[in-house]
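Below is one structure; the comments refer to it alone.
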Protein chains: 4
Amino acid sequence: MSRPASETADPLVDLRRDLHRHPEPAWREFYTTARIVEELERIGVDELYVGSEAIPGGRAGVPDEDELEAWFERAAAAGADPVVLESLSGGHTGAVAVLRRGEGPTVGLRVDIDALPREESADDDHVPAAEGFRSETGAMHACGHDAHAAIGVGVLAVIAESDFSGTFKVFFQPAEEIIGGGQAMAESGHLDDVEYLLCLHVGLDHPTGEVVAGVEGFLAVAQFEAKFEGEAAHAGGHPNKGRNAVQAAASAIQNLYGIPRHEAGSTRVNAGVVRGGTASNIIAEEAVVEGEVRGETTALMEYVRERAERVLDGAATMHDCGVEVEWDGEAPSAESDDALADVVAESAREVEGVDSILDSADLGGSEDATFLMRHVQERGGLASYVGIGTTHPGGHHTATFDVDESSIRIGVEVLSRAILAVGERRP
Amino acid sequence: MSRPASETADPLVDLRRDLHRHPEPAWREFYTTARIVEELERIGVDELYVGSEAIPGGRAGVPDEDELEAWFERAAAAGADPVVLESLSGGHTGAVAVLRRGEGPTVGLRVDIDALPREESADDDHVPAAEGFRSETGAMHACGHDAHAAIGVGVLAVIAESDFSGTFKVFFQPAEEIIGGGQAMAESGHLDDVEYLLCLHVGLDHPTGEVVAGVEGFLAVAQFEAKFEGEAAHAGGHPNKGRNAVQAAASAIQNLYGIPRHEAGSTRVNAGVVRGGTASNIIAEEAVVEGEVRGETTALMEYVRERAERVLDGAATMHDCGVEVEWDGEAPSAESDDALADVVAESAREVEGVDSILDSADLGGSEDATFLMRHVQERGGLASYVGIGTTHPGGHHTATFDVDESSIRIGVEVLSRAILAVGERRP
Amino acid sequence: MSRPASETADPLVDLRRDLHRHPEPAWREFYTTARIVEELERIGVDELYVGSEAIPGGRAGVPDEDELEAWFERAAAAGADPVVLESLSGGHTGAVAVLRRGEGPTVGLRVDIDALPREESADDDHVPAAEGFRSETGAMHACGHDAHAAIGVGVLAVIAESDFSGTFKVFFQPAEEIIGGGQAMAESGHLDDVEYLLCLHVGLDHPTGEVVAGVEGFLAVAQFEAKFEGEAAHAGGHPNKGRNAVQAAASAIQNLYGIPRHEAGSTRVNAGVVRGGTASNIIAEEAVVEGEVRGETTALMEYVRERAERVLDGAATMHDCGVEVEWDGEAPSAESDDALADVVAESAREVEGVDSILDSADLGGSEDATFLMRHVQERGGLASYVGIGTTHPGGHHTATFDVDESSIRIGVEVLSRAILAVGERRP
Amino acid sequence: MSRPASETADPLVDLRRDLHRHPEPAWREFYTTARIVEELERIGVDELYVGSEAIPGGRAGVPDEDELEAWFERAAAAGADPVVLESLSGGHTGAVAVLRRGEGPTVGLRVDIDALPREESADDDHVPAAEGFRSETGAMHACGHDAHAAIGVGVLAVIAESDFSGTFKVFFQPAEEIIGGGQAMAESGHLDDVEYLLCLHVGLDHPTGEVVAGVEGFLAVAQFEAKFEGEAAHAGGHPNKGRNAVQAAASAIQNLYGIPRHEAGSTRVNAGVVRGGTASNIIAEEAVVEGEVRGETTALMEYVRERAERVLDGAATMHDCGVEVEWDGEAPSAESDDALADVVAESAREVEGVDSILDSADLGGSEDATFLMRHVQERGGLASYVGIGTTHPGGHHTATFDVDESSIRIGVEVLSRAILAVGERRP
C-alpha cells in the first residue's frame with residue numbers, strides 16, 4: 001500500500017487523514033478496513049477477525065454487486081492490501097481485534113468506520129481541503145468516523161503496551177450511518193462474553209476538552225423505503241389514464257410530517273429522499289420516498305411507525321396507486337450505565353486537555369451502537385456511550401464538518417484510562 | 001457503416017428497424033442523423049444541410065458535454081459514418097434535404113427523429129424484442145419517430161423520381177420530445193420560403209388504415225424546472241434547524257395539481273419528475289420538480305403558468321426555502337389549414353389500405369411542429385399536420401409502444417400524393 | 001296579503017321586486033309560492049296544482065322541521081295567504097298552472113323560483129339596495145329566479161289572453177340551487193304528456209337584448225357531503241390520542257382539487273364548504289366537506305365522482321378517521337333540440353329590443369332542468385333551454401348580482417311568441 | 001335565587017352541582033359569579049371585589065354584546081341575584097374575596113370558573129345526566145372548574161373559621177379556557193402583595209386520592225385566528241375566476257401540522273376549528289382557521305408561532321388569497337416552586353383519603369394561571385400549582401368528563417392545611 005510518508009507528527013492523525021481522504025459508505029469500507037487491519041497487524045493482536053469472520057451474517061442494507069464492485073476496485077486502485085481486500089469481497093467489511101491478557105474482565109470498545117454519501121466542501125477554509133486530505137471518493141467523513149477508527153487503533157496500541165489484565169476487544173463496525181451494521185455486529189458472537197462495553201462519538205456539539213461520561217437520549221429509529229407504483233400516461237393526451245405515483249408521494253410526504261406529536265416524549269419523522277417520474281410530460285409511474293421515524297423510547301418509535309404506515313397506505317389509496325413499504329435500519333433506544341460512566345468520568349479527570357466533564361448529555365439522535373449496548377446489558381454487563389468533545393466548524397453531516405485533531409489524543413487517553421480502571425476495579 | 005443485410009422485403013422497414021435499434025434522445029441523434037444522411041445521399045438530393053447548417057442556432061435543452069460525448073462515442077461504435085458524425089459534433093444533429101425541380105411552389109415536409117429516455121419492453125410479445133431490433137441504447141423509440149424518419153426518406157425518394165414541379169424540402173428535426181428543436185428549426189431560415197408545410201405523426205390511437213387530414217387541438221405547452229433550496233440538518237438531532245426542501249416540493253406538487261380548471265378551454269398541469277434529499281436521516285437541502293403546463297390556447301397555457309409560479313413561490317415561503325424556476329421547452333398552439341387538409345384527404349382516398357379518412361381530430365397533446373406551422377402561416381403559407389394511423393399495442397411513451405410497419409408505406413403514399421397535388425394545384 | 005301599491009309602471013317588475021325582497025332558499029319558498037299562486041288566481045287558470053299536488057314525492061335536500069318552521073313563520077309574518085301557506089306546510093312548495101285550450105299540442109314552460117343562502121350587497125350602487133327592495137330574509141335572489149318567476153307569470157298571462165290552441169303548463173319549480181327539485185318535478189306526472197318543453201335562464205353573461213335559442217353545455221353534476229369522524233383529544237395534553245378530522249378534511253380537500261383532468265372533455269370539482277372542530281385547543285372530532293363534481297357528460301361526472309370517493313377514503317385512512325359520503329343533488333347532462341331552438345330563434349327576431357340572437361351557447365354549469373328536458377325527450381318530445389340576456393353588474397351568485405328589469409318584458413315576449421308558434425307549427 | 005333544597009349531604013357538592021347545571025363560557029360567568037358571591041356573603045369576608053373591581057381592565061376575548069346579553073338574560077332567568085348581576089354587566093365576571101387576619105403573610109388561592117362551549121353527554125351512565133344536574137345551557141363543565149369554584153369557596157370557609165394569621169385572598173378567575181382572564185387578573189393589582197400563591201386543578205389523569213404538590217410542564221401557548229380572503233365564483237361556470245379560500249385553508253392546515261419538532265423540547269400545533277365557504281357550487285370567498293401553538297418554554301412556543309405565520313402566508317400566496325392572522329389567548333410557561341410544593345406535600349400527608357403524593361408531574365398543557373404565578377414570582381414570592389386527583393370517566397374536555405365529588409373535600413383539606421402551614425412557617 002503506497003501512501004505519502006507521515007505528514008504530521010502524530011501517526012494517529014496521519015491515519016485519520018488517510019481515512020478521511022478515502023471515505024467509504026456502508027458495506028463499502030474496503031480501503032478503510034484494509035488500512036485498519038494493516039495498523040492492527042503492525043501493533044500485533046492475539047486474534048484478528050476480518051470480514052465474514054467479524055460479522056458472519058445478518059447484514060442489513062448491503063448494496064448491489066455493481067456498486068460493491070466499483071468501490072472494491074477503487075480501494076484496490078488506492079493501494080489497499082490485496083490479500084485483506086480479498087477477504088472483504090462481497091461487502092464483508094469490518095474487523096474485530098482481540099488482546100488476551102490474563103484473568104481480568106472482558107472489555108469491549110466499539111468504533112464505527114463508515115462515511116456518508118455526500119460531497120465534501122472544497123472551500124479554502126475547510127481544513128481537509130486546505131491541507132490536501134479532502135475526500136477523493138465522492139463520499140465524505142462528515143460525522144467523524146475517521147477519528148473514531150483512529151482512536152480505536154490508538155486505544156488498542158495503548159492497552160497492548162499496558163499491564164492490562166483481562167481480555168480487550170475492539171469492534172470496528174461498518175454501516176452505522178444506515179443502521180445496517182450494529183445488529184449484525186451485536187449478534188456476531190464476539191460480544192457474548194463482553195462484560196463492559198464502551199462506545200464513543202466525537203463532537204455532538206461538545207467542544208474540544210469536554211467529555212460526556214455517559215450519553216443518554218438515544219432515539220429508537222427505523223428507516224423505511226416506500227415505493228409507490230402507479231401507471232404512466234401522457235400528461236397532455238391522457239391525464240385521466242395515469243395513476244400518479246408522484247402525486248401519491250407528495251401527499252404522503254405532506255401527511256408524514258403531520259403525524260401528531262406524542263405526550264409521552266420526543267418523536268421524529270423525516271422524508272429525507274424522494275425521487276420519481278421519468279419526464280415532465282409523463283404522469284409518473286413510480287416514486288420512492290426514503291424516510292425514518294424515531295422515538296425517545298422504542299414504543300414511541302413504534303407509535304410513529306404505525307402512523308406512518310397508515311399515511312403511506314392512505315396516500316396510495318387516494319391516487320389509485322400501490323405502495324410497498326420496506327422497513328430497515330432499525331435501532332432500539334438504550335441507556336448508559338451510571339456505574340461505568342462514573343469510571344469514565346473519573347478517568348477523564350486525569351487527562352490533560354480535558355476541562356469539562358459532563359455526567360450525561362442527550363444524543364438527540366439515533367445510533368446502532370444501542371444494539372451492542374443492549375446485547376451486553378441483557379447478559380448482565382455494563383455499557384456506556386462516551387462523548388469526546390471536538391470543536392467542529394460545520395454541523396454533523398454537513399459539507400464543512402471537520403474534527404479538531406487534538407481531540408484524537410484526548411479520546412485515546414480518556415478511553416485507555418477508563419479501560420485500565422475497569423480492568424482493575426470491575427465496577 | 002456495417003449493418004446486417006436487409007432483413008425484410010422493404011428497405012424503409014429495414015431503415016425503421018435500424019433506427020429503432022439505435023434510439024437517441026434529444027440532441028444526441030448522432031447515429032440517427034448519420035444513417036438518414038446516408039440514405040439521402042443514396043437517393044441523391046440537390047442540397048443537403050447537416051448539423052449547424054441545418055440548424056444554425058437557438059437550440060434549447062442541449063445536454064452537457066459529457067453526455068453528448070458518451071452518445072457520440074456510442075454512435076461511432078455502432079458504425080455511424082465518421083465524416084458525417086464530425087459535422088454533428090456538439091449535438092448539432094438534424095438535417096434538411098432539398099430537391100429543386102423547377103417553377104412550382106415550395107413544399108415542406110417535417111419529420112422528427114428523436115427518441116425517449118426510457119427503457120423498452122423485453123417481453124416476448126413485444127415485436128421489436130421478438131424480432132431482434134429492440135433498443136440497444138437504453139433509450140426507446142416509444143413515439144414512432146423511427147417511422148417518421150423512414151417516411152420522410154421514403155417520400156423524398158418518391159418525389160425525387162416523380163415529375164414534381166417546384167421545390168421540395170424535408171426537415172429532419174431533432175429534439176421534439178423536449179420541445180427543443182422546433183423553434184430552432186423554424187428560425188433556421190430554411191422555412192422562410194416554404195409555402196405549404198406538411199407535418200406528420202403516426203398512431204395517436206388511430207388504427208392502421210385511418211388518416212387524419214388535419215390534426216387540431218395542439219395544446220400550447222411550457223416546461224419548467226423548479227429547484228427548491230433549503231438547508232440540511234440532522235433529522236433526529238436538529239429537526240428545527242433544517243429548511244426542508246422536500247417538504248416544500250411536496251407541498252408544491254399537491255397544490256400544482258390543484259390549479260383550477262378554466263372555463264375557456266382545456267388546460268393541463270403535470271409534475272412529472274421529482275427528486276430531492278440525500279439520506280433518510282437528513283432534512284433535504286435541495287429538491288427539484290420538473291413539470292409542465294398546457295392550454296388549449298397559448299393564453300390558457302399562460303393562465304396555468306401564472307398559477308403555477310404562485311404555487312411554487314408559496315410552497316417555498318411556507319418552508320422557508322428559496323425556489324428558482326426555469327421555464328423552457330415552450331411551444332405555442334396552432335391550427336391546420338382546411339384548404340391544405342382537404343388536399344391531403346383527397347389524396348388519401350386514392351391510397352390502397354386507407355379505409356377511414358377523418359377531416360380532423362384532436363391531438364390532445366403538444367408538439368413543437370407548431371413553431372414551424374406558425375412560421376409558414378405567418379408568411380401567408382398553409383400548413384397541415386397529418387395523422388397516419390398505425391395500430392399500436394402499447395400507448396405512446398410506454399414500454400410496449402410499437403408501430404404497425406405496414407403504415408409506413410401508407411404514410412409515404414398519402415404524403416407523396418398530397419405533395420404532388422399541391423405542386424399541381426397550389427391550393 | 002298587504003303589500004305596497006305598485007311602485008313601478010310594470011306589474012311584472014313589481015312582482016319581481018316583491019319576490020326579490022323575500023328570497024327563500026330551497027323548499028322554503030313559502031312566500032314565493034303563495035305570491036305566485038295569488039297572481040295565477042288573478043289571471044285565471046284551468047287547473048292549478050300547489051304543494052304536494054304539484055310535486056307528490058321524491059324531494060331531495062328538504063331541510064329539517066325547525067328550519068322549515070322558521071321560514072314558514074316568516075312567510076306568514078310577511079303577509080303570505082294563510083290558505084295557500086297551509087297547503088305548503090312541510091316544505092311542499094312549488095306550483096303547476098295549466099291552461100287547456102283545445103286540440104293543439106301540450107307545451108310546457110319551466111321556471112325555477114328559489115333563492116340562495118347568501119347575503120345581499122347593501123352598497124348604494126346596488127339597485128335593490130338603492131330602490132328599497134333589497135332582501136329582508138338573509139337569503140338572496142343572486143341568480144335571477146325572481147325574474148324567472150315573473151316571466152313565468154307573464155307568459156301565462158299572455159297565453160291565457162291569446163288564441164293559443166292546445167294545452168299550456170307552467171312549472172314553478174322549487175329547489176333548483178341545491179339540485180333538489182328538478183327530478184321530483186320531472187317525475188310528478190305533470191310532464192308526462194308534454195310534447196314541447198321550454199326552460200329559461202336570464203343573464204349567464206349575455207347582455208340585455210341577446211337571446212340564446214338553445215343553450216348547450218350543461219355539465220352533469222353530483223353534490224356530496226363528506227363527514228369525517230375522528231376522536232377528540234386535548235391538543236396540548238394528548239396530541240397522540242386524537243384522530244384528527246380536520247386534518248383528514250384538509251388532506252381530502254387538497255387532493256380533491258388534484259383529481260386529474262380528463263381527455264374526453266370538461267370536468268369540475270369543488271369543495272365549497274368546510275366546517276369542523278370545536279375549539280382551538282381540541283383536536284377536532286368531526287369535520288364536514290360539502291362539494292360537487294361535474295362533467296361535460298354524465299360519464300365524465302362519474303369519472304370525477306369515482307376519483308373523489310377514492311380521495312375521501314384515502315384521507316380518512318391516513319388520519320385514522322371514518323368518513324361517510326352522501327351523494328345528493330344530482331343532475332344529468334342534456335341537449336337542447338335544434339328544431340325547437342329554431343322556433344325560439346325565429347320568434348326572437350320579431351321582438352323589439354332583441355338585437356343579437358345566438359343559436360347556441362354554453363352554460364358551463366349545471367341545472368336540474370335537465371331532468372325535465374330528458375323526461376320529455378325520452379318520450380319523443382322536444383326541449384330547449386333558452387337564454388334571455390340581461391345586463392348584470394355582479395356575477396351570478398355574488399352579492400351584487402342584479403337583473404336589468406327591461407329583460408323581463410323581452411323574456412315574456414320571446415317565450416310567448418315561441419309557444420304560440422309551437423302551437424301552430426308543431427315543429 | 002330559587003334553587004332546589006340541598007340534594008346531597010354536602011353543601012359544597014350541592015354548589016358544584018348547581019354550577020354544573022349552569023355552565024357558562026368565558027366572560028359569560030354571570031350565574032356562576034353571582035352564585036359564588038352569594039356563598040362568599042354567607043361565609044362573610046372582609047373585602048369583596050366583584051366585576052370590574054376584581055378585574056379592572058385588559059380582558060382578552062370578550063364576546064360581542066348580543067352574545068353577552070343572551071347569557072346575561074339566561075342567568076337572570078335562572079335566578080341569579082339581580083344586584084350582583086348588574087355589577088357584572090358587559091361581561092365583567094369574576095370576583096376576589098379577601099380575609100384580613102392580622103400580621104402574617106399574604107397568601108392567595110386562584111380558582112378558575114368558566115365552562116366550555118360543548119355539549120354534555122346525555123348517556124345514562126354519565127352521572128350528571130343520571131342525577132339530574134346535566135348542563136342546561138348548551139355549554140359544559142368538561143374540565144372541572146365547577147369543582148374548582150366549590151373548593152375555592154370551601155377553603156375560604158375553613159380559613160375564615162381558623163386561627164390563620166395573615167391575609168388570605170381567593171381569586172375566582174373567569175375565562176381560563178380561552179386564556180383570556182389570567183393576564184387580566186394578574187395585572188388587577190390584587191396580586192401585587194401576594195407572597196404565596198396556590199393554584200389548583202382537579203383530575204389531569206390522577207385518580208382520587210393522589211395529590212401532585214407542584215405541577216410542572218406548563219406549555220406556553222398562543223392562539224390564533226387566521227382569516228383567508230379570496231374571491232367567490234361559480235365553480236361550474238367560472239372555476240378560474242375564483243380565489244379559493246377553502247383551498248388555501250386546507251393547504252395551511254396540512255402544512256401547520258408539518259411544522260418541524262424542536263430539539264430543545266416539546267412543541268405543539270393544532271388547527272382546532274375550520275370553517276369556510278357558502279355552498280357546494282361556489283368557490284369559497286372566505287375561510288377561517290382557529291388554532292394554537294405551544295412550547296415547553298416561551299421561546300419554543302415563539303418558534304412554532306414564527307413557523308405558523310410563514311405557513312399561513314405561504315398558503316395564502318399559493319391560492320392568491322389574503323390572510324389576516326390575529327394572535328390572542330397567550331400564556332407563558334411557568335414553574336412551581338419546590339419550597340412551596342414541599343409544604344403542600346407535607347400537608348397532604350395528613351389528609352384522610354390521600355394515598356399517593358407526587359412531588360411533581362407534567363401538565364402537558366397550558367394554563368393562564370402561569371400569568372399569576374409569574375407575577376408573584378417576579379416580586380419575590382413563591383407559587384405552586386397543585387393537582388388534586390379525581391377519578392374521571394371521560395377525558396378532560398370530552399362529553400363524558402365528570403369529577404369524583406369526594407375529591408372536593410380532599411381538595412379543601414389539602415389546600416387549607418397548606419395555607420395554614422404557610423401562615424405559620426413562611427417557607
Side-chain angles (χ1 to χ4, degrees), chain B residues 228 230-267 269 282-284 295-297 299-304 306-323, chain D residues 228 230-267 269 282-284 295-297 299-304 306-323:
Chain B
F228 292 91
E231 194 170 334
H234 191 272
H238 307 297
N240 47 295
K241 287 197 181 146
R243 294 184 294 115
N244 195 327
V246 156
Q247 206 177 2
S251 187
I253 292 167
Q254 286 253 296
N255 286 280
L256 281 169
Y257 283 110
I259 291 174
R261 286 134 171 95
H262 197 291
E263 65 190 279
S266 293
T267 56
V269 63
I282 303 297
I283 290 169
E296 197 173 317
T297 62
L300 284 166
M301 180 270 277
E302 292 296 348
Y303 156 80
V304 189
E306 187 271 333
R307 290 267 185 164
E309 289 197 325
R310 191 180 293 284
V311 164
L312 294 165
D313 267 12
T317 298
M318 270 185 165
H319 298 286
D320 204 6
C321 291
V323 63
Chain D
F228 292 92
E231 192 170 333
H234 191 271
H238 307 297
N240 47 293
K241 288 197 182 147
R243 294 184 294 117
N244 195 327
V246 156
Q247 207 178 1
S251 187
I253 292 165
Q254 286 253 295
N255 287 280
L256 282 168
Y257 283 110
I259 291 174
R261 286 136 171 93
H262 198 291
E263 66 191 279
S266 292
T267 56
V269 62
I282 303 296
I283 291 169
E296 197 173 318
T297 62
L300 283 167
M301 180 270 277
E302 292 295 347
Y303 156 80
V304 189
E306 187 270 334
R307 290 266 185 166
E309 289 197 325
R310 191 180 293 283
V311 164
L312 294 165
D313 266 11
T317 297
M318 270 186 164
H319 298 285
D320 204 8
C321 292
V323 63

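We name chains A, B, ... by the order of the sequence lines, and we start the count at 1 in each one.
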Sequence neighbours left out, what passes side-chain contact (heavy atoms from CB on, under 4.5 Å) with Ala232(D)? Give chain and number order.
Ile282(D), Glu285(D)

Please list all pairs meeting salt bridge (Lys or Arg N to Asp or Glu O under 4.0 Å) that have one or both residues in residues 247-263 of chain D, counting only residues at least two apart or in different chains.
Lys241(B)-Glu263(D)

Among the options Gly314(B), Ala315(B), Gly237(B), pick out the one with the most heavy-atom pairs lying under 4.5 Å from chain D.
Gly314(B)

Do the side chain of Arg307(B) and the main chain of His319(D) share a donor and acceptor less than 3.5 angstrom apart?
no

Okay, Gln254(B) and chain D: the region with an atom under 4.5 Å from a heavy atom over there is side chain

Beyond-backbone contact of Phe228(D) with Ser251(D), side-chain heavy atoms, under 4.5 angstrom:
no

Does some side-chain heavy atom of Met301(B) sit less than 4.5 Å from a side-chain heavy atom of Thr267(B)?
no

For chain D, which residues from residues 243-250 of chain B have at least one heavy atom closer than 4.5 Å to it?
Gln247(B)

Please give me the minimum heavy-atom distance between Leu256(B) and Val269(B), naming the atom from each residue.
O-CG1, 3.4 Å

Residue, of Gly258(D), Pro239(D), Gly236(D), that accumulates the most heavy atom pairs under 4.5 Å with chain B
Pro239(D)

Taking side-chain contact (heavy atoms from CB on, under 4.5 Å) as the test, write out the residues that go with Ala264(B), two or more places apart.
His262(B), Leu300(B)

